[in-house]
*Asks:* 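Take this structure, written in structure tokens, and hold onto it; I'll ask about it next.
Lettering of chains follows the sequences in order, A, B, ..., and the numbering in each one begins at 1. Just so it is clear, the model here is predicted, and its values are computed rather than measured.
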Number of protein chains: 2
Amino acid sequence: MPGATEQKIIDAAVRLFASQGYDATSVQEIVTAAEVTKGALYHYFRAKDDLLFEIYRLLITAQSADMDRIIELGLSSADTVREILVSLVVSTAERVDETAVFVREMHRLDEARMTEFRAERRRYHETFLGVIEKGQADGEFSSAVPADTVVRIAFGVVNQLPVWYRPDGPKPPARLAGEIADFVLAGLR
Amino acid sequence: MPGATEQKIIDAAVRLFASQGYDATSVQEIVTAAEVTKGALYHYFRAKDDLLFEIYRLLITAQSADMDRIIELGLSSADTVREILVSLVVSTAERVDETAVFVREMHRLDEARMTEFRAERRRYHETFLGVIEKGQADGEFSSAVPADTVVRIAFGVVNQLPVWYRPDGPKPPARLAGEIADFVLAGLR
DNA sequence: CCCACCCTACCGACCGGTCGGTATGCCTTA
DNA sequence: TAAGGCATACCGACCGGTCGGTAGGGTGGG
């Protein structure tokens, strides 16, 4: 539960990292945009890359929770896949900047944090994979295309979303999410 | 037709930019890796970001040419889509580093070059879009999901490929490409 | 045949400037 | 009056880019 100053710093960092990149954004720019000073930033964060870590943590925690919640509903495989995709696309559209930073700058994490994140991503990845494999085993989905490729395709669109999605574009996020889910499910028949 | 020294510099730059990012890679690192000196680098390139520009140019030129060549074959919509996807996935797998740099650092181009690249990308994008729309108009493809969403999904996988593809992984590129094409075409029925 | 001349390719010490991070102390609130 | 919650001034490392210089091969006049 970050305080007001902490939150202002993170918000400014996300916005600047998303538009210019991590290295191209100086600490001075961040504090100026957040209307605080360097003293305040280094009071709350030990180093610049703690900001990156915090951004990732917030994003991945929220997404993991969403997926777990959906799976516990115990829907059919098709409905589970649809719900996961829709929730993922909608929540990604709501947080395009965070996602853009995450996708572009993940490799800048140090060894320890990288390992931690890879484990979390892997868990996330394999949960979704499990849903599709179950649907294939039950005969609800076709087995023509291996499940891992389907997962790659699904996450591919989502992670590229910050590249082309614009909040003021013609299609609202919910409609986009529906179209993407339709297409993936069509491919699974 | 770059000379040996020039080529060594570009190769080193691609490798380093892909693994550490553009800003995190110093000119000194590049020349050390390429076994040349700063003098040599600045003899061939006016500035560090000329290297980025050159990397993008090589990549996009090759891919555009591939797509044009396939379209001129005059195959059915389904076969054209399949050929485009297979060629794109295979050529991207062959140049994962270039693609990783392209996807992650494109926003660092200056205004003029950015405009030029957006135009080229748009053309590329719309050519593929045209193929799918034609298939839908002919009744060869379903119109359930709008063509632009399909294009986004297809380019999404390809651009995310550098994140997970490993040349020494279990699936050879051609097989991966086939699976992806199968899935997209299944979604278009 | 040779030597003066030149030109391309390359070298590496150096510079101005910026950046992440720190040291120190004030000031408010409990 | 102690303790967080900041502000300000500053540091040293490093970075992209420059610049005076060199090595060596081609070439043309004598």
*Asks:* Mind checking whether I132(A) and V86(A) sit in one hydrophobic cluster, side chains of I, L, V, M, F, W, Y counted as touching below 4.5 Å?
*Replies:*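 No, no single cluster joins them.
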*Asks:* Under the side-chain contact (heavy atoms from CB on, under 4.5 Å) rule, what do F102(B) and F17(B) come out as? Steps first, then yes or no, please.
*Replies:* CA-CA 10 Å; F102(B) 180 70; F17(B) 290 167; over 6 Å; no
*Asks:* Does CD belonging to E35(B) count more than 12 external heavy atoms closer than 6.0 Å?
*Replies:*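 Counting neighbours around CD of E35(B), 12 or fewer heavy atoms of other residues, nucleotides or ligands fall under 6.0 Å, so no.
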*Asks:* Between dA7(D) atom C1' and L41(A) atom CG, what is the distance in whole Å?
*Replies:*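 In whole Å, dA7(D) C1' lies 13 Å from L41(A) CG.
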*Asks:* In this structure, how many angstroms lie between the P atom of dC11(C) and the CD1 atom of I9(B), rounded?
*Replies:*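 The distance from CD1 of I9(B) to P of dC11(C) comes to 9 Å, rounded to the nearest Å.
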*Asks:* Find out if a path of hydrophobic residues (ILVMFWY) with successive side-chain heavy-atom gaps under 4.5 Å connects L109(A) to L59(A).
*Replies:*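 L109(A) clusters together with L59(A).
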*Asks:* Please determine if a side-chain N or O atom of T5(B) lies less than 4.0 Å away from the OP1 or OP2 oxygen of dC10(C).
*Replies:* yes
*Asks:* Out of curiosity, does F117(B) fall in the hydrophobic cluster containing L58(B) (side-chain heavy atoms, cut-off under 4.5 Å, transitive links)?
*Replies:* no
*Asks:* Can the positive tip of K48(A) be found less than 6.0 Å from the middle of the six-membered ring of Y22(A), inside 45° of the ring normal?
*Replies:* yes
*Asks:* Below the 4.0 Å mark, does dC6(D) have OP1 or OP2 next to a side-chain nitrogen or oxygen of H43(A)?
*Replies:*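 It does not, given that no N or O in the side chain of H43(A) lies less than 4.0 Å from OP1 or OP2 of dC6(D).
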*Asks:* Anything under 3.5 Å between a protein N or O and an N or O of nucleotides 27-30 of chain C, put it in a table, one pair a line.
*Replies:*
none

*Asks:* Just the table, please: protein N/O against nucleotides 14-20 of chain D N/O, every pair under 3.5 Å.
*Replies:*
from    : atom 1 : to     : atom 2 : distance (Å)
dG16(D) : OP1    : T25(B) : O      : 3.3
dG16(D) : OP1    : K48(B) : NZ     : 2.7
dG16(D) : OP2    : V27(B) : N      : 2.8
dG16(D) : N7     : K38(B) : NZ     : 3.3
dG17(D) : OP2    : Y42(B) : OH     : 2.7
dG17(D) : OP2    : K48(B) : N      : 2.8
dG17(D) : N7     : K38(B) : NZ     : 2.9
dG17(D) : O6     : K38(B) : NZ     : 2.4

*Asks:* What integer distance in Å separates E35(A):CD from dA7(D):P?
*Replies:*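 Going from E35(A) (CD) to dA7(D) (P), I get 11 Å.
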*Asks:* Output yes when D79(A) and R82(A) qualify as a salt bridge under the 4.0 Å nitrogen-oxygen rule, no when they do not.
*Replies:* no
*Asks:* Any Lys/Arg nitrogen of R15(B) or D11(B) sitting under 4.0 Å from an Asp/Glu carboxylate oxygen of the other?
*Replies:*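 So R15(B) does not pair with D11(B) through a salt bridge.
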